[in-house]
Every structure is written in C-alpha cells, then in structure tokens.
Amino acid sequence: MKTENFIRDAIESINIEEQDSWSSSNALLLMAMGIASNHHDRENSVRVLDNLLRQIPVTCRFPAVACFYRLDNDEAEMKERLKGLKEIMDADLAGGSLDPMLLTFYTKYDTVIGGKGHYKQMLEAYESMDGKEGLYLPLYGVALIEGIASVDQAVYEYYDALKVLFKKTLKTNLEAYEKNELDTSSKALVAYAILKACRMKVILSEKYEAIGNAMHQSVCESLEEKGLNKGAVSLLLTEKER
Amino acid sequence: MELKLVFQNARCVVVELTEAGKYYTEKEYKIYANGELKANHNHVISSLYDLKPDTDYEITVEYEGEDVAPLKVHTDSQYVTLNVRDFGAQGDGEHDDTNAIQAAIMACPKNSRILVPAGTYKIVSVFLKSDITLELAKGATLSAFTDRTKFPIFPGTIDTYDETDEYNLGTWEGNPLDTFSGIITAINAENITITGEGVIDGCADFDNWWFEPKIRKIAWRPRLVFISHCKNVVLQGITVKNSPSWTLHPYFSENLRFIDIKIQNPFNSHNTDGLDPESCNHVEVIGAYISVGDDCIALKSGKIYMAKKLGIPMQNMLIRNCCMRDGHGSVTVGSEIAAGVKNITIKDCQFIHTDRGLRVKTRRGRGERSILDQITFENIDMDQVMTPFVVNSFYFCDPDGRTDYVGSMEPYPVDDRTPSIKRLTFKNIEAKNCHVAAAYITGLPENKIECLTFENIHVTYAEDAKSGVAAMMTECKESCKAGIFALNAKKLVLKNVKVEGCEGEDIIAKNVDFIEK
C-alpha cells in the first residue's frame with residue numbers, strides 16, 4: 001500500500017467529533033500527515049489535514065503537534081494559530097505528568113516561538129519520564145528523537161542531554177526487540193526513531209540502520225493487522241520515503 | 001633603544017625596535033640587511049624578506065640619524081622549494097588551483113617550502129600537514145571561492161564505533177556543530193609556518209557569506225584559517241581579509257605565534273572577529289594590525305558542553321605591540337568562555353576607533369569552570385574608543401540570551417552554571433576621545449567580581465562625543481560621556497584614576513564591598 005493511501009485511510013478513520021479520541025496515536029498520525037505534506041506535493045493530504053486542523057481548537061494539545069509539522073514553513077500562520085498556547089504550556093510544564101508527544105511539541109514550540117527559555121524545564125520533564133513505571137518506551141523514543149530534532153543545537157548541552165537519553169532508551173527498546181517483545185505498532189515506532197536518528201547522525205548508521213530496515217520490513221508485512229496503531233505506521237512510512 | 005630578534009626562518013627575519021613606541025614608532029627609520037636598505041619603516045615590529053637560506057646577516061637600523069647596535073642573524077637552512085606553478089597552479093584568478101596547491105603541500109619534504117609566487121590563485125579549502133612552510137610571496141593572493149556547495153563539511157561530532165566517545169571536527173560559536181572547513185585548514189598537525197607578504201582573501205561579501213549570516217545553510221560558515229589540535233604554528237607577515245566568519249581560529253592548539261600579520265575585514269561585516277584562539281595554550285601575538293567588523297581579538301574556551309567534556313581553558317597568552325581598530329572590541333574575553341580564561345597579558349598596544357577596549361562578555365549558564373583570572377592590560381593608548389572598559393555579565397546574544405535567567409539583575413542561586421570573574425587589572429592607560437562611558441562594569445549579584453584594579457588611568461572625551469550603549473545587556477541604557485560605573489564587585493582599586501570631562505559623577509560604584517583609592 002502506498003504511503004499516502006495508508007495515511008489517508010488512517011486519517012479518515014478519525015472521528016473529529018469525539019474529543020476523547022485525541023490520543024498520542026492520533027497525534028502521531030497527524031504528525032505523519034504534516035511531515036508528508038511538507039515533503040511532497042500531496043494536495044490531497046494537505047487538504048485533509050488542513051480541513052481537520054481548522055475544526056480542532058488549537059488548545060486541544062495533540063493536534064497542535066500536527067500544526068507544527070504542517071505549518072513549519074509558514075511562521076506567521078503558525079504564530080497566529082498557536083497564539084495563547086504559552087500559558088497552557090507553562091501550566092502543563094509546571095503540572096508535570098506530560099505525555100511524551102506533547103513534550104515534543106512544546107520543545108518545538110519553545111524553539112520557534114517561545115525564545116528557548118523553557119529548555120531546562122523540557123529536559124527535566126524528559127528526564128523525569130525516564131524509568132517511570134508505565135512509560136511506553138517505543139513512544140518515548142519517538143518523543144526523544146523529535147525533541148532532538150526540535151531543540152536548537154546552538155544550545156548544545158540540551159541537545160546532547162536528549163541524545164544521551166535517546167541512546168539509553170534505544171538500548172532498552174532493542175533489548176525488547178531481540179526478545180521478540182515488540183508488537184507491530186511498537187516496532188513501527190522504534191524503527192521510525194532508529195531511521196530518523198540515523199539520518200540525523202544521532203546514532204551510527206553502520207550499526208543501526210539495518211535493524212531499522214528489518215523492523216520496517218516486518219511492519220510492512222503486517223499492514224493488514226487489526227488494532228494497528230496507524231499513526232505509528234504512518235510515521236514510519238513517511239520516514240522511509242525521505 | 002635596542003634591536004631584538006623576534007622570529008627567523010630561511011627566507012625572512014622579524015626584528016623589534018624596543019622602546020620606540022607601541023605599534024607605530026615615534027619616528028620613521030631605515031633598516032638594512034648586510035648594508036642593503038630593506039625598508040623605511042615606522043613600525044616597532046619589522047619583517048625583512050627575500051633573504052637567502054643558511055646565510056649570515058647583519059641587521060642595522062638608522063633611527064633619527066643614529067645607528068642602533070646591529071643584530072647578527074644566521075638564517076635557517078632549507079632543502080627544496082616547491083613552486084605551486086610547477087604543480088599546475090595557474091594563478092590567473094579563474095582556474096581552480098586548489099588541487100595543485102594541495103599536491104605541492106602533500107609532496108613537500110621536511111625543511112622545505114611551498115612557494116606561492118605572485119598571482120591570484122582561486123581555491124576552495126586547502127589543508128596543511130606537519131613540518132611545512134607555506135610562503136605567500138609579494139603579489140600572491142590565495143583567493144577563495146564563495147560557492148558554499150564547493151566546500152567540505154566538518155561534522156560537529158562523529159561517534160566512535162564503540163559509542164563511548166566522539167570525535168569533534170566542526171565548531172561554531174563554542175559548540176560542536178557542522179561547519180565548513182576553513183579556507184586554510186590544519187588538523188592534528190605540528191611545525192607549520194605560513195609566511196610572506198602575500199594575501200589570503202576569503203572574498204566574503206554581503207551577497208554570499210555575509211548574507212543572512214545567522215542562518216545555517218548546509219553548515220555554518222567557514223573560518224579563513226582554522227587550526228585545530230595543532231602545535232608549533234606560526235603565521236608571519238601575511239594579510240588575511242574578507243573572512244566568511246572568524247578570521248583566524250586556532251582551536252585546542254598550543255605554541256602559536258602571530259607575528260606582523262594584518263587582518264582586514266569591513267567594519268560592517270558579520271562576526272568577522274580577527275583572531276579567536278579557543279582553548280589554546282601559549283599564544284603570542286606580536287605586531288599585528290587588526291581592523292574588523294566584530295572583535296579584533298576574542299579569547300574563547302567553548303560553551304558549557306565543551307567545558308564539561310574537555311575543560312581546557314584559554315591560557316598563557318601575550319598580546320603586544322599591536323594595533324586594533326574599528327571592531328566592536330579591541331580585546332574581548334568571551335562570550336564562549338565556559339572552560340575559563342587565565343593568565344593573559346595585553347601590553348604596549350594601540351586601540352583606535354573600536355566600540356570597546358577591553359570587552360568581557362559572559363552570562364549565567366557559562367558554568368562553574370568559566371573562571372576569568374589574571375587578565376592584565378598595561379601600557380595601552382586608546383583613541384576614539386567608545387567605552388574603554390566593559391565587563392558584561394548579562395550578555396544577551398546567545399540563542400537563549402534574552403531569557404530572564406540571563407538578563408535578571410536579581411541574584412540567582414550559585415550552582416554549576418554560574419560563571420566567575422576574579423582578577424582584572426588595568427595599568428598605565430591613556431584613553432582619549434571617548435564617547436559613551438569610561439567604564440561599564442557589571443558582575444553577577446550572586447557571584448561578584450573578585451578584584452578590579454585601575455591604576456594610572458586617564459580618560460578624556462571627544463568634543464563631539466556620540467551616545468551609545470556600552471554593553472549588550474538588557475539593563476544597559478544609552479549614555480554619553482558617562483564616567484566609571486561598577487556594579488557587583490568585591491574589591492575595586494582606583495589608583496591615580498582621572499576621568500576628565502564626564503557628564504554626571506565620575507565614579508558610580510554599586511554593590512561594591514570595598515573601594516581602595
């Protein structure tokens with residue numbers, strides 16, 4: 001199945017009316033959509049995504065992730081759409097217990113709009129998740145590589161600290177993979193994080209790319225599987241196409 | 001008055017006329033080698049070229065009709081000369097001569113020279129190896145291409161195979177980031193001399209390297225000369241100009257000499273510091289003329305990541321008989337100084353028309369290893385310097401520089417991110433025609449400057465003094481003809497300090513524990 005078809009089918013399955021359905025999974029899907037629409041002339045993807053984003057209040061946090069990936073090249077529109085979000089971000093950061101993907105978004109928000117004044121808090125939030133009971137490590141790995149991609153490298157100590165966390169998480173995820181403990185959706189997330197990290201030279205390609213590719217192959221062989229996290233799979237498919 | 005040897009090789013000697021002035025001598029003088037008039041000169045430091053290897057020379061000087069005691073020199077021996085034209089370089093200003101020059105360098109045996117004769121040689125990035133002398137003859141210009149797609153990229157870091165360490169190559173403003181290789185680059189090499197009367201022209205302009213300078217395009221901008229992890233390097237005589245970014249950038253290197261060099265970048269060019277030694281040890285700058293668009297000389301030791309990883313300070317440096325003009329700072333310490341800066345002496349220099357004489361720029365976040373100590377300025381003449389002494393502990397130019405954490409004047413807890421300033425000394429300084437303020441000194445409220453000494457200082461102001469902002473920090477307001485302002489210091493020594501013609505109080509000290517007069 002072609003990437004755009006998979007993503008389109010997946011996105012059509014989202015029910016906008018049900019606010020409760022805005023989970024990390026949907027955030028991943030929207031992110032994939034945003035990334036795809038930025039890298040190819042995928043008119044249909046853009047149309048669907050724009051339509052979705054218009055209907056969702058920006059304060060609904062997870063779609064905001066997608067906003068960024070869709071609006072990356074238009075700072076003015078991004079600032080307009082995300083106005084008023086700073087207070088929400090401050091409250092969320094102060095409150096703790098953030099979803100990893102939301103943290104990813106806030107990192108990007110702080111880099112582009114927030115003056116980079118929250119990096120210390122972001123890092124503390126990332127660090128506080130590490131080792132926490134119930135943390136879904138494959139998603140945490142994605143959140144970290146997205147954080148690494150979002151943080152301004154010129155404030156290098158935070159960039160490096162996220163790299164250290166990412167490598168540690170990757171090790172645990174790979175141990176789970178070797179023990180055959182990852183389901184297809186988890187594999188998609190881990191593979192996405194690996195391949196993106198190789199592309200960004202966060203990890204050595206000669207050591208990890210083949211593993212990422214093997215996971216991708218395994219995911220592609222299971223696209224018809226029921227209960228698949230379509231967001232995770234979409235994300236991996238977009239990364240493979242880059 | 002005495003004639004002293006500063007440097008020699010097989011083809012050149014550099015001499016110094018002591019007690020004749022700071023950078024310029026008070027009078028013009030004649031200098032001879034074995035009776036042959038080599039130059040009419042008005043510089044304290046003087047280079048004599050076109051000498052023969054392994055030869056005795058008697059250097060003599062006639063100063064105001066009087067002979068100075070001669071200096072005897074025996075030039076070094078030399079094995080062969082490799083002329084880059086014999087390697088295919090055309091020097092016609094069009095042909096890409098990079099490969100031909102690179103071939104000559106790689107083929108050069110020890111105790112020899114690579115000669116670049118007169119002509120304009122287009123190059124991208126030339127790499128130096130150990131044990132070479134690269135001589136740029138009079139009329140020779142290494143002229144760089146400005147198409148960034150031609151330049152090699154130095155990755156910021158490359159993981160080791162066992163993933164326990166990383167190899168750092170690229171560096172940008174104190175962090176290990178992807179950067180284009182320098183126009184002239186040396187990595188892990190030693191015993192290198194670049195000498196002669198020729199020019200290295202980066203050809204940077206506002207439609208190439210200086211266009212949108214703060215945006216990374218492919219990689220960060222190249223230096224004109226990048227010397228990384230090298231030792232025993234001499235740059236003598238040459239002119240370097242129009243650099244894409246920092247002009248000369250020695251990085252984690254030691255035993256470096258910069259003698260009688262000229263650094264010229266337009267006053268409005270972006271980040272074109274003259275000489276930025278970073279985490280280097282034993283550096284001498286003698287008789288340099290520096291006119292640039294940013295800081296003439298800036299001492300660096302990286303940002304906090306590099307300081308925590310390697311912790312190598314910038315130390316043991318002497319800058320003397322130099323002339324600095326037109327930059328933002330004559331001699332700057334910072335802002336990337338996370339591993340500290342210590343034992344630095346600047347003496348017998350002239351600072352002309354720079355925004356600041358001494359410029360310290362630091363901030364919260366540089367870290368506990370960022371200790372500035374034993375930095376001494378003495379026997380300096382300044383003319384038309386906007387503010388002769390600036391110490392800024394709230395520097396706001398980093399990507400996260402405008403946050404409350406950096407800019408707040410309220411005390412923060414002292415922790416592993418708090419920098420320190422210990423002893424700064426200024427002696428025998430005449431600063432005339434100042435504009436903005438005599439001195440603008442700020443320490444951190446939570447970690448005051450330990451000791452500031454001003455001794456035999458005389459400051460006067462220009463009749464048409466212009467107003468300006470002394471320090472790049474949020475709380476610094478525009479001023480004109482202000483006196484000495486010192487904030488957050490433990491000890492302030494003011495001995496024979498005269499500030500004449502300032503508007504308002506000549507000395508304002510706030511939160512200073514002890515003032516000694």
Side-chain angles (χ1 to χ4, degrees), chain A residues 72-73 75 86 89-90 93-94 106-124 145 148-172 174 194 197-211, chain B residues 153-179 214-216 219-220 271 302-310 335-336 338 363-367 369-370 396-408 412 415-417 474:
Chain A
D72 220 4
N73 297 324
E75 204 174 311
K86 187 176 177 299
M89 177 177 74
D90 285 340
L93 283 171
Y106 282 159
T107 306
K108 198 167 171 80
Y109 176 90
D110 203 39
T111 298
V112 181
I113 296 175
K116 299 156 196 164
H118 293 78
Y119 279 2
K120 192 166 180 274
Q121 286 167 280
M122 305 293 178
L123 180 61
E124 284 166 1
I145 196 63
I148 291 166
S150 300
V151 77
D152 185 343
Q153 271 195 19
V155 194
Y156 197 84
E157 65 268 31
Y158 297 114
Y159 174 83
D160 182 69
L162 290 176
K163 260 173 74 172
V164 171
L165 276 178
F166 175 78
K167 287 179 177 178
K168 185 180 168 198
T169 306
L170 176 62
K171 200 176 163 199
T172 313
L174 286 178
I194 287 175
C198 287
R199 178 167 57 81
M200 290 172 59
K201 303 196 187 312
V202 169
I203 53 176
L204 286 172
S205 294
E206 69 162 324
K207 276 194 164 178
Y208 295 101
E209 196 168 12
I211 303 170
Chain B
I153 297 165
F154 277 170
T157 58
I158 300 162
D159 277 359
T160 56
Y161 187 73
D162 65 6
E163 298 174 271
T164 58
D165 200 1
E166 61 195 17
Y167 181 52
N168 163 226
L169 273 173
T171 170
W172 181 255
E173 296 184 344
N175 281 321
L177 301 176
D178 294 0
T179 313
K214 290 293 185 186
I215 298 174
R216 174 181 144 158
W220 291 106
N271 317 103
K303 285 184 181 162
I304 195 165
Y305 171 78
M306 292 303 287
K308 280 184 176 171
K309 189 169 171 57
L310 299 172
S335 74
E336 303 88 347
R363 47 158 283 191
R364 293 187 186 100
R366 283 294 177 258
R369 290 179 184 81
S370 182
F396 62 33
C397 287
D398 280 338
D400 61 341
R402 290 183 188 268
T403 54
D404 290 344
Y405 176 68
V406 174
S408 174
Y412 271 61
D415 59 21
D416 64 350
R417 298 178 64 79
T474 314

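Here the structure is a predicted model, which means the values were calculated and not measured. Below, read A as the first sequence line, B as the second, and so on, with proteins coming before strands; counting in each chain starts at 1.
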| said: Can you confirm whether A/Q153 sits close enough to B/W172 that some side-chain heavy atom of one is under 4.5 Å from a side-chain heavy atom of the other? | reply: no
When the 4.5 angstrom heavy-atom criterion is applied to B/D398 and chain A, the contacting part is neither
Given the options B/K303, B/R417, B/K308, A/E157 meets salt bridge (Lys or Arg N to Asp or Glu O under 4.0 Å) only with B/R417
Smallest heavy-atom separation, B/L177 atom then A/Y156 atom, equals CD2-CD1, 3.6 Å
For the backbone of A/I203 and the side chain of B/D159, can you confirm whether one donor and one acceptor N or O come within less than 3.5 Å of each other? no
The reported gap from NZ in A/K207 to CD in B/E163 (rounded to nearest 0.5 angstrom) is 4.0 Å
Hits for salt bridge (charged side-chain N to carboxylate O under 4.0 Å, His left out) against A/K201, two or more places apart or cross-chain, chain-then-number order -> none
Nearest heavy-atom approach of B/N175 to A/A154 is ND2-O, 2.7 Å
Give a yes or no on whether B/D404 atom CG has more than 12 heavy-atom contacts from other residues, nucleotides or ligands under 6.0 Å away.
no
Bottom line for B/P155: the part with an atom under 4.5 Å from chain A's heavy atoms is neither
So OG1 of B/T160 and CG of A/L204: to nearest 0.5 Å the spacing works out to 7.5 Å
Turns out that what part of A/Y119 lies under 4.5 Å from chain B's heavy atoms comes down to neither
Exercise for the section: With side chain to side chain contact (heavy atoms under 4.5 Å, CB included) as the test, would you mind laying out the steps for B/D400 and A/K120 before giving the verdict? Expected result: CA-CA 11 Å; B/D400 61 341; A/K120 192 166 180 274; over 6 Å; no
Closest non-hydrogen contact found for A/G117 with B/T403 is CA-CG2, 3.4 Å
